[in-house]
Amino acid sequence: MSLIVVGTVAFDSIATPSGKADRVVGGAASYIALAASHFVKEQELISVIGEDFPNSFLSMLESRGVGQTGLKCIQGEKSFFWEGAYHDDLIGRDTLVTELNVLEGWEPEVPIKAREARFVMLGNLDPAVQLSVLNQLDKPPELVVLDTMNFWMDIALESLRKVIARVDVLMINDDEARQLSSESSLLLAAEAIHRMGPRTVVIKKGEHGAMLFEGGKCFYSPAYPLKKVIDPTGAGDTFAGGFIGYLTSVGETSWEAKKKAVVVGSVLASFTCEAFGTERIAGLKKLEWHQRTKDLSELIRVDYVLD
Ligand code: AMP
């Protein structure tokens, strides 16, 4: 098993200027695993759901190579639920409800076959769970990527800092980078985060793309430009899944590989924005994302300007 994915598997209710979706399947790990499944044939999902969760979604994940030995279903309890509403600019959003439900008090168990995973994606959820997963691994992975959000900074900063100190890559959005570092410049925020532990920092800027920082170097990719965004929920997680999925598939963690991973992450995230929920990323065809990857690569290519 080369990839472990941790994160929420959830129901989401979402309102955007394009409409509303009520209790659709979402969650950080759902988007991550689906995005990564475009690159890896096998991965292991570690998460928790309640008895209300649909089997059809789990079967679809299974058919895409997402192993579920580490997915616990708790009878008599409800799955994680999140409700959010986007502002007209589709950048700002308000979280209206976060119901932890099954997540509360849950202790993850990493299946034996996954304890030697080379790549680990600690998607957004309780940092205590992320830490527990790291502690159960038999040997240090080649790359551990951590994604989190302001919710956990607000209620669990101490355990979040502990897990941040243990990972190779921290991936967060621009507001969260500012909150975590107390710096308003993203360059200074990235430097402050490096000092917390991660050698590599990825700052996601929504429709303005993503920045990658490592060893004093910086790479920036714009987002794939879309004429219409229906629902950006899960775009950050899809980006994360594309990023780790690509690196797992090439088996590399070099700077150049990470730059390409940022580009493919941005491409996959653009598809998630085109519909509510996970349907678009689940049904995505290889031809579609290959074409967008070519287009985005072309968009950012330039010959040396002063030649
Ligand atoms: P994103 O739009 O990439 O930030 O991700 C949105 C997804 O994250 C939704 O599908 C939610 O179910 C999930 N989510 C929202 N809040 C949290 C939280 N506090 N912890 C973990 N996952 C969350």
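Read the numbers this way: they start at 1 and go in the same order the structure lists the ligands and their atoms. If you read the sequence from its start, that first residue is 1, and numbering goes on from there.
Shown in contact with G236 at under 4.0 Å from a heavy atom are these atoms of ligand 1, numbered in order with element: 3 (O). Atom numbering of ligand 1 starts at 1 in the shown order; those under 4.0 Å from a heavy atom of R93 are 1 (P), 2 (O), 4 (O). Within ligand 1, counting atoms from 1 as listed, the ones closer than 4.0 Å to a heavy atom of F151 are 19 (N). Taking a cut-off of under 4.0 Å to the non-hydrogen atoms of A10, the atoms of ligand 1 that pass are 12 (O). The atoms of ligand 1 that sit less than 4.0 Å from any heavy atom of G234 are 1 (P), 2 (O), 3 (O), 5 (O), 6 (C). Short contacts between ligand 1 and D237, defined as distances under 4.0 Å to a heavy atom of the residue, involve ligand atoms 1 (P), 3 (O), 5 (O), 6 (C), 7 (C), 8 (O). If you number the atoms of ligand 1 from 1 as listed, the ones under 4.0 Å from a heavy atom of G27 come out as 9 (C), 10 (O), 12 (O). Close approach of ligand 1 to G26 (heavy-atom distance below 4.0 Å) involves ligand atoms 10 (O).
Using a cutoff of 4.0 Å between basic side-chain nitrogens and carboxylate oxygens, E44 and K113 are scored as salt-bridged. A salt bridge links E288 with R280; the closest basic N to acidic carboxylate O contact falls under 4.0 Å.
With W255 as the aromatic partner, K217 meets the cation-pi criteria of under 6.0 angstrom to the ring centre and within 45 degrees of the ring axis.
Looking at ligand 1, you won't find any N or O of T233 less than 3.5 Å from one of its N or O atoms. Note: no N/O pair closer than 3.5 Å links M149 and ligand 1 by distance alone.
In K78, the NZ atom is not crowded: 12 or fewer heavy atoms of neighbouring residues, nucleotides or ligands sit closer than 6.0 Å.
Counting protein heavy atoms only, atom 9 (C) of ligand 1 is closest to D12 OD2, 3.2 Å. Closest protein heavy atom to atom 21 (C) of ligand 1: N124 O, 3.1 Å.
Here E83 has no heavy atoms under 4.0 Å from ligand 1, in either its backbone or its side chain. Residue contacts with ligand 1, taken as heavy atom pairs separated by less than 4.0 Å, involve T8 solely via side-chain atoms from C-beta onward.
Of the options V120, V145, L122, a side chain to side chain contact (heavy atoms under 4.5 Å, CB included) to V167 is made by L122 and by none of the others.
For atom 14 (N) of ligand 1, the nearest non-hydrogen atom from the set F80, Y86, F81, W152 belongs to F80.
In this structure, F239 and F243 have parallel ring planes: the angle between them is below the 30° cut-off, well short of the 60° mark. Note: W289 and F39 have tilted aromatic rings, judged against thresholds of 30 and 60 degrees for the angle between ring planes.
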Q179 and D175: side-chain hydrogen bond (donor to acceptor under 3.5 Å, both in side chains), yes or no, with the steps? CA-CA 6 Å; Q179 178 175 345; D175 287 343; over 6 Å; no

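Cluster membership check: I112 does not share its hydrophobic cluster with F119, using side-chain heavy-atom separations under 4.5 Å among Ile, Leu, Val, Met, Phe, Trp and Tyr.
Residue contacts with ligand 1: F239 is excluded, as none of its non-hydrogen atoms falls under 4.0 Å.
Applying the side chain to side chain donor-acceptor pair (under 3.5 Å) test to S79 and every residue at least two apart in sequence or in another chain returns D52.
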